[in-house]
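Within every chain, numbering begins at 1; the chains are lettered A, B, ... in the order of the sequence lines, protein sequences first and strands thereafter. Excluded from the calculations below are hydrogen atoms, water molecules and symmetry mates; all remaining heavy atoms, backbone and side chain alike, are included.
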2 protein chains.
Amino acid sequence: MMNDSEATETAPEAAPKPRRRKGMSLTLRDVARMANVAPITASRALNTPQAVSDDILHRVREAVERTGYVPNLLAGGLASRRSRLVAAVVPTVAGSVFLETVEALTDTLAAAGYQMMLGQSGYAGSREDALLETIIARRPDGVILTGIMHSQLARRRLAASGIPVVETWDLSPNPLDMLVGFSHEQLGAAVAHFLHRRGRRRVAAITADDERARRRRGAFATAALSLGMSAGPELPQHTVPAPSSVASGREGLRALLARAPGIDAIFCSSDMVALGVLIEAQALGIAVPAQLAIVGMGDLALSRDLQPALTTVRIDGTLIGDTAARYIIQRAEGKTVAQPIRDVGFTIVERGTT
Amino acid sequence: MMNDSEATETAPEAAPKPRRRKGMSLTLRDVARMANVAPITASRALNTPQAVSDDILHRVREAVERTGYVPNLLAGGLASRRSRLVAAVVPTVAGSVFLETVEALTDTLAAAGYQMMLGQSGYAGSREDALLETIIARRPDGVILTGIMHSQLARRRLAASGIPVVETWDLSPNPLDMLVGFSHEQLGAAVAHFLHRRGRRRVAAITADDERARRRRGAFATAALSLGMSAGPELPQHTVPAPSSVASGREGLRALLARAPGIDAIFCSSDMVALGVLIEAQALGIAVPAQLAIVGMGDLALSRDLQPALTTVRIDGTLIGDTAARYIIQRAEGKTVAQPIRDVGFTIVERGTT
DNA sequence: TTGAAAGCGCTAACAG
DNA sequence: CTGTTAGCGCTTTCAA
């Protein structure tokens, strides 16, 4: 009787003993043997169960159960050219602005059977080239960039790699591929108009030393000047280092007050900075919002619970992450993305500080 | 003349056309051919440059340069059984407590040529089994658990997989493998003693609904009671949902005051909660620290910049992340970890709220 | 130092 | 619906 594994022939020559096979890891072959099917059939039972008879499906599942088999996705990815891996790049996780996005990304990807690799490009962008190389080396099914990838080399390599890319949190004029973001210019101008409507006429800005924050401030300043919201030909402004912090906000308010004592509103580049301004104003005995209005940016969870609650610009980070993940998944599954450039907009959330 | 690729023979039979080879991706073979060496030699030039002659090294590097070749780590990992991938599991990234750790992890791993996969187990621990399966499927060189992995099945599978594991942010009595953390019990007791030394005699606690926070509060309560810091036989305490928030803190203070108006100190399970307590106290006209002392936990960046600055318990999340990463790397390189169970301790940082 | 052969564990392609 | 065959792109092992 013929054994189904390792058919015992009449040995024309000594069977060449296998060289490797030391780690003895449990493979699909073992499962297949146990279920009495070919490896590819076991593979189908696991990946496309509807393409296999109930009987076989049952046997394979039982074998998996009994052995505790876990497929090797490195091997699967190599063979199928689909790694089911998606890389996400953030400037830094510490900045917390992108947290909602990262969370949504992780969840949406996980739900679809993908996994997320997280990379930090650093604010300086110094490690971008190296980071991108290690990313491409994994052959991810997609890359999601939160914030800007500055390095031209990195951008070119990414484009050349053919990997689907979603840029987020901005509206680039010439995107690499797909895009889910909003206009920082529109945002800055909108805040100026908002403050104008609220009757503020001497506005200022505290801005983190970060490219997007600078663009928001630029648009804010332009709009504010054209609305006559400044005493002089320039808007009083103060720049603080990125990542922005409460300390920066406190220091920023003092600096601004020293230079332009008459200001009645401040647009901050983040809620953290705004919180610092609020705290410092309270410490200095400046009434908020009566004497000074404060507008933040980002709508952190804590902002609504401050006293007074913070007026801020809300970006739906979850929507951005979720959408970006879906775009990548669609592409990975060979579908076309209907609206690959998407403006998710922003909302000014008015609360107590204005 | 013989072309060096695809040697043109006198065709004894039609060359069997290759089935695959459509994507035409650039492989090590292409680089090797261009440098006029065997693929394995090109591999050595890239991975162990010292094992190769200068001449060859130069030729291979030039070929890499010219083609823009990026190695395929899926293939490399499959062959070498080293994926250079490390999985990190956090309950949720939104909670921001683990951010420093995640950041340090990413950085230290990246510097050593490893990459980090991030998974969220969720506070409920419902997705743990599924998450762990996808993790093991990638054959990571290590797994880092921040917080507890509750599922027994998941823990057994992880142990059975033979993958190095570091548990962090706690001091488990029976660790899976390695451990970098601190004792939540010691911490709770230390805070009680600290408040006692500062003359507080009517203490209370606001605690997130989370296992470790509960253990801190338990030890805090026990120590406080034995120090006579409570009016009744039980400590006034209030539980808020995890993840904790400023809103929880505000609500918590009101709830506590309604039940136990005489309290003079509150130990909060996080800085966010403590900030809420501080804001609510200011809104209610309660003087901090004169009438009420507040102690947080976590030492967020903003805590030192509040007014008054927040007294809190600092955990060196960066040290935890960095150490955990090093442990995994050492194991992956076949070395033994000298001190695989490590208590990094904690520090009470005294500031204005006490 | 360099290379040939033989897989790593899985799936695409093609046949039955 | 099931199986055979031939790789995916790299590295280990063994030999020169």
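- Atom CG of A/Leu73 and atom P of D/dG9 are 18 Å apart (whole Å).
- Using a cut-off of 4.0 Å between Lys/Arg side-chain N and Asp/Glu carboxylate O, A/Glu167 and A/Arg155 are scored as salt-bridged.
- Rounded to an integer number of Å, the gap from CZ of A/Arg29 to P of C/dT11 is 15 Å.
- Using a 4.0 Å cutoff on non-hydrogen atoms, the parts of residues 46-54 of chain B near DNA chain C are B/Val52, B/Ser53, ordered by number.
- Nearest-nucleotide positions on DNA chain C place B/Pro39 closer to the 5' end than the other of B/Pro39 and B/Ala75.
- Nearest to the side-chain atoms of B/Val37 among the listed nucleotides C/dG3, C/dG9, D/dT11 stands C/dG3.
- Here C/dT2 is the nucleotide among D/dT4, C/dT2, D/dT11 with the atom lying nearest to any side-chain atom of B/Thr41.
- Ion pairing between A/Glu62 and A/Arg66 holds under the 4.0 Å rule for side-chain N and carboxylate O.
- Residue-level contact check: B/Pro71 touches the backbone only, with heavy atoms under 4.0 Å from sugar-phosphate atoms and none from bases.
- Residues forming a salt bridge (Lys or Arg N to Asp or Glu O under 4.0 Å) with B/Arg342 (at least two apart in sequence, or on another chain): none.
- Checking C/dG3, D/dT4, D/dC8 against every side-chain atom of A/Ala79, the shortest atom distance belongs to D/dC8.
- Partners of B/Ile341 according to the side chain to side chain contact (heavy atoms under 4.5 Å, CB included) rule, which considers only residues two or more places apart in sequence or in another chain, are B/Pro175, B/Leu179.
- Candidate nucleotides D/dT4, D/dT11, C/dC10 were compared by shortest atom distance to the side chain of B/Ile40, and D/dT11 ranks first.
- Rounded to whole angstrom, the span from the CZ atom of B/Arg44 across to the C1' atom of D/dG9 amounts to 16 Å.
- Each of B/Val180, B/Thr101, B/Ile320, B/Leu105 was evaluated against B/Ile144; a single residue qualifies, B/Leu105, per the side-chain contact (heavy atoms from CB on, under 4.5 Å) test.
- For the segment residues 136-143 of chain A, no residue has any heavy atom less than 4.0 angstrom from an atom of DNA chain C.
- Note: CZ (A/Arg33) to P (D/dG3) measures 14 Å, nearest angstrom.
- The interatomic distance linking A/Leu74 (CG) with C/dG7 (C1') rounds to 16 Å, in whole Å.
- Residues satisfying the side chain to side chain contact (heavy atoms under 4.5 Å, CB included) criterion with A/Asp107, sequence neighbours excluded, are A/Glu103, B/Gln120, B/Arg127.
- Taking every side-chain heavy atom of A/Ser80 into account, C/dT11 is the closest of D/dT12, D/dT4, C/dT11.
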Between side-chain atoms of residues 332-339 of chain A and protein atoms elsewhere (two or more places apart, or another chain), which donor-acceptor pairs fall under 3.5 Å?
| residue | atom | partner | partner atom | Å |
| --- | --- | --- | --- | --- |
| A/Glu333 | OE1 | A/Lys335 | NZ | 3.2 |

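- Applying the side chain to side chain contact (heavy atoms under 4.5 Å, CB included) rule to B/Ala35 yields the partners B/Val37, B/Arg59, B/Val60, B/Ala63; only residues at least two apart in sequence or on another chain are considered.
- For B/Arg139, there are no salt bridge (Lys or Arg N to Asp or Glu O under 4.0 Å) partners, not counting sequence neighbours.
- Evaluation of the side chain to side chain contact (heavy atoms under 4.5 Å, CB included) rule for A/Pro39 yields A/Arg29, A/Ala32 as partners, not counting sequence neighbours.
- Put simply, CG on B/Leu78 is 11 Å from P on D/dT11, counting in whole angstrom units.
- For the pair B/Ser43 and A/Ala38, nearest-nucleotide mapping onto DNA chain D gives the more 5' position to A/Ala38.
- Between A/Asn72 atom CG and D/dC8 atom P the separation is 18 Å, expressed in whole Å.
- Side-chain atoms of A/Arg81 and base atoms of D/dG7 include no donor and acceptor less than 3.5 Å apart.
- Within 4.0 Å of A/Ile56, counting heavy atoms only, lie sugar-phosphate atoms of the nucleic acid but no base atom.
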